[in-house]
Protein chains: 2
Amino acid sequence: MVNIKDVAIRAGVSVTTVSRVLNNRGYIGKETRKKVEKAMEEINYSPNQIARALQKSQSYILGIIVPDSNHPFFSELIKHVEITANEHNYKVLICNSLDQLEKETKYISMLKENRVDGLIMCSHTLDVEEYKKLSFPVVTFDRIIANHFPYVAADNYRGGEIATEHLIESGCKKLLHISGPLKLDLLPNRRTDAFRLTCMKHNIDHEVIEGTQDNLTFDYFSDFIESEVSVKLTDFDGVFCSNDLVAYALYLYAAKNNIKVPEQLKIVGYDFHSFTRMLQTPKLTTIAQPVSRIGKILSTTVINMVETKELDSINNSVVDVELIKGETT
Amino acid sequence: MVNIKDVAIRAGVSVTTVSRVLNNRGYIGKETRKKVEKAMEEINYSPNQIARALQKSQSYILGIIVPDSNHPFFSELIKHVEITANEHNYKVLICNSLDQLEKETKYISMLKENRVDGLIMCSHTLDVEEYKKLSFPVVTFDRIIANHFPYVAADNYRGGEIATEHLIESGCKKLLHISGPLKLDLLPNRRTDAFRLTCMKHNIDHEVIEGTQDNLTFDYFSDFIESEVSVKLTDFDGVFCSNDLVAYALYLYAAKNNIKVPEQLKIVGYDFHSFTRMLQTPKLTTIAQPVSRIGKILSTTVINMVETKELDSINNSVVDVELIKGETT
DNA sequence: GTCACATGTGGTAAGGTTACCACATTATTT
DNA sequence: AAATAATGTGGTAACCTTACCACATGTGAC
């Protein structure tokens with residue numbers, strides 16, 4: 001592979017001069033610049049970013065850890081993170097933690113060894129302490145790790161509130177909420193808080209079933225509905241689901257068992273990701289998280305921290321959610 | 001950031017010795033090893049892969065360029081590529097070309113500058129010549145670039161054949177095929193070849209509508225059906241679509257316009273990616289491309305080329321497709 | 001004519017790691 | 001006892017780039 005020295009020799013100048021042409025820094029004679037550019041062209045020179053990264057202690061690489069890059073929400077998030085990063089000349093390394101603590105740990109040390117400039121954390125199995133040692137900025141999605149780790153999230157409380165109020169306004173009397181796992185203190189738990197409080201405020205009977213584990217696949221949710229939810233279902237006339245896949249699985253279960261939606265049972269989902277947007281039967285009533293905005297903000301936040309060299313920041317972002325009225329309420 | 005020298009000083013040995021411990025190479029005394037490991041632990045040392053990459057001229061990074069990482073097919077492909085790469089200690093940089101030639105070009109030079117070890121090419125707007133200059137192995141999905149660039153593909157001809165035969169066996173007399181763009185010589189065009197030949201073999205009237213541009217979003221396909229396909233639709237009783245999103249859009253159009261599927265119109269899709277697998281109404285009849293196998297093979301093929309230092313290879317892989325009988329035929 | 005400053009160019013250390021050679025000590029073979 | 005091999009450790013160039021200092025020439029001001 002040709003290097004800057006080869007260019008220098010060919011152009012009859014020093015490596016310093018070539019470097020100056022490359023980086024457009026300092027004074028360069030017009031003729032010299034031309035000679036150098038011609039030489040670069042002729043020998044098909046391509047600057048070595050690895051050497052640059054070593055020299056500058058900056059890789060222009062971001063890591064993103066997600067539970068499952070094929071999940072429609074994360075898939076879309078990743079796309080927008082990547083596009084925004086690319087606009088700022090950053091690259092993105094994707095990591096699938098598959099919700100395994102061990103994998104998450106391994107990925108983090110891999111990213112550390114590769115001296116990524118920053119990390120976007122969307123998988124939350126690890127203990128908080130693990131992040132504190134990191135020497136690069138970390139931005140999380142939907143989780144508060146500590147005061148100085150900024151997070152980006154859609155307004156989870158408001159989402160839960162809107163969803164619950166919508167069910168109540170639609171005439172539901174006994175509400176069920178199928179939540180995500182509540183062990184860790186994740187921001188989506190606010191949806192559950194909002195569900196409880198809103199029900200109490202309106203004096204509505206309610207219950208919460210906790211999703212034991214976030215496997216995040218449709219098949220898993222389908223089984224979950226069958227095994228954990230179905231027995232209780234007859235008691236309720238409205239269900240607020242933690243995500244659209246659960247809502248869809250629930251809808252299908254209802255359809256199969258002759259429970260009429262929305263007449264007998266109203267269903268509200270959460271996410272409105274690409275799967276839900278494409279899905280036409282039924283059009284789910286759901287809470288839209290503006291995933292493209294979230295992705296964009298995740299990228300710009302972490303890049304901003306990289307460029308200002310601030311490891312800490314309290315620049316949290318909470319974006320608005322929106323009720324999408326479909327046919328299931 | 002601490003480096004190998006700091007470890008050496010702390011452990012009271014030379015950097016060479018530390019390097020030997022790190023890489024488990026050569027002779028090391030038992031006591032020395034312990035001292036070094038203890039020192040590494042104490043100062044929280046993390047080897048700098050950037051320096052290693054520079055030294056060894058190997059980055060252990062693969063690039064993957066796709067049209068749209070949020071498309072359900074590519075999203076799933078990427079996941080499996082990443083998981084397999086990770087098993088072999090490689091990392092994956094994702095690039096969304098958005099089917100823009102300019103972006104594809106820019107990504108390629110970015111990957112070149114970052115000295116990726118190999119490239120998995122799933123976006124095909126560029127001219128063949130562009131790839132030939134690259135100094136790292138390239139593996140493509142669904143495209144023959146040149147003899148020495150290996151490709152991985154599902155058996156497109158067979159897929160087209162199965163789909164068409166299935167429609168004929170189901171009693172269709174006039175068949176339509178909505179293809180992808182046929183300009184470039186891509187392997188999916190074999191589906192169209194198969195469609196034509198199979199129809200001719202069975203003496204079946206048929207027609208092909210070429211998808212002008214691969215925007216790959218559901219909304220685009222929906223509009224496309226409305227504007228390009230709808231007028232002709234009454235002439236046909238069976239449609240073979242180039243992908244499931246088109247098939248789904250077509251199904252919805254038919255449903256909306258009181259064309260009964262499958263009684264009046266039979267529809268076969270292509271891909272059986274995660275969207276289609278989750279979709280329950282309708283269960284599409286489609287051709288399954290084993291995307292997890294494809295992803296795995298893409299990764300292992302390119303990694304194998306990296307490790308054997310062979311830039312050329314004729315190790316093409318064609319994997320079997322399968323008819324998934326749904327409710328649309 | 002001298003000084004200050006702008007312009008243009010070059011040499012080299014440093015960034016963190018490993019490959020390679022060199023050397024010292026101990027163990028084994030003949 | 002001498003020769004050879006195995007074991008253990010250290011010094012340093014190289015990978016490619018940029019930052020930094022040094023130097024040379026030209027220009028305008030006083």
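The structure presented is a predicted model; accordingly, all values stated were derived computationally and were not measured. Lettering of chains follows the sequences in order, A, B, ..., and the numbering in each one begins at 1.
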Touch check for A:Ser57, heavy atoms < 4.0 angstrom, all strands: base, sugar-phosphate only, or nothing? nothing

Grab the CD1-P distance between B:Ile28 and D:dG10 for me, whole Å please. 12 Å

Step through the shown structure and confirm whether more than 12 heavy atoms of other residues, nucleotides or ligands are within 6.0 Å of CZ on B:Arg293. no

Do A:Asn114 and B:Arg52 have side-chain N/O donor and acceptor atoms under 3.5 Å apart? no

Other residues, nucleotides, ligands: >12 heavy atoms within 6.0 Å of B:Asn147 CG: no

Does anything in residues 16-27 of chain A reach DNA chain C, meaning a heavy atom under 4.0 Å, and if so which residues? A:Thr16, A:Thr17, A:Arg20, A:Tyr27

Euclidean distance, atom CG of residue A:Leu54 to atom P of C:dT17 [Å, nearest integer]: 9 Å

If you count the non-hydrogen atoms of other residues, nucleotides and ligands that lie under 6.0 Å from CD in A:Glu102, is the total more than 12? no

Of residues 36-52 of chain A, the positions that come close to DNA chain C - non-hydrogen atoms, cut-off under 4.0 Å: A:Ala51

Please report, rounded to the nearest Å, how far the P atom of D:dT17 is from the CD1 atom of A:Ile9. 13 Å

Proximity of A:Phe141 and A:Phe73 rings by center, below 6.0 Å: yes

Give the nucleotide from the list D:dT9, C:dG10, D:dT17 with an atom nearest to the side chain of A:Ile4. D:dT17

Whole Å only: how far is the CZ atom of B:Arg33 from the P atom of D:dT9? 10 Å

By nearest-heavy-atom nucleotide on DNA chain D, the more 5' of B:Arg115 and B:Lys30 is B:Lys30

Is a side-chain donor or acceptor of B:Thr308 paired with a backbone partner of B:Asn304 at a separation under 3.5 angstrom? yes

Grab the CD-P distance between B:Gln58 and C:dT17 for me, whole Å please. 17 Å

A:Lys103, A:Gln100, A:Glu104 screened by side chain to side chain donor-acceptor pair (under 3.5 Å) with A:Ser123, the one that passes: A:Glu104

Under 3.5 Å, is there a donor-acceptor pair between the A:Ser19 and A:Arg25 side chains? no

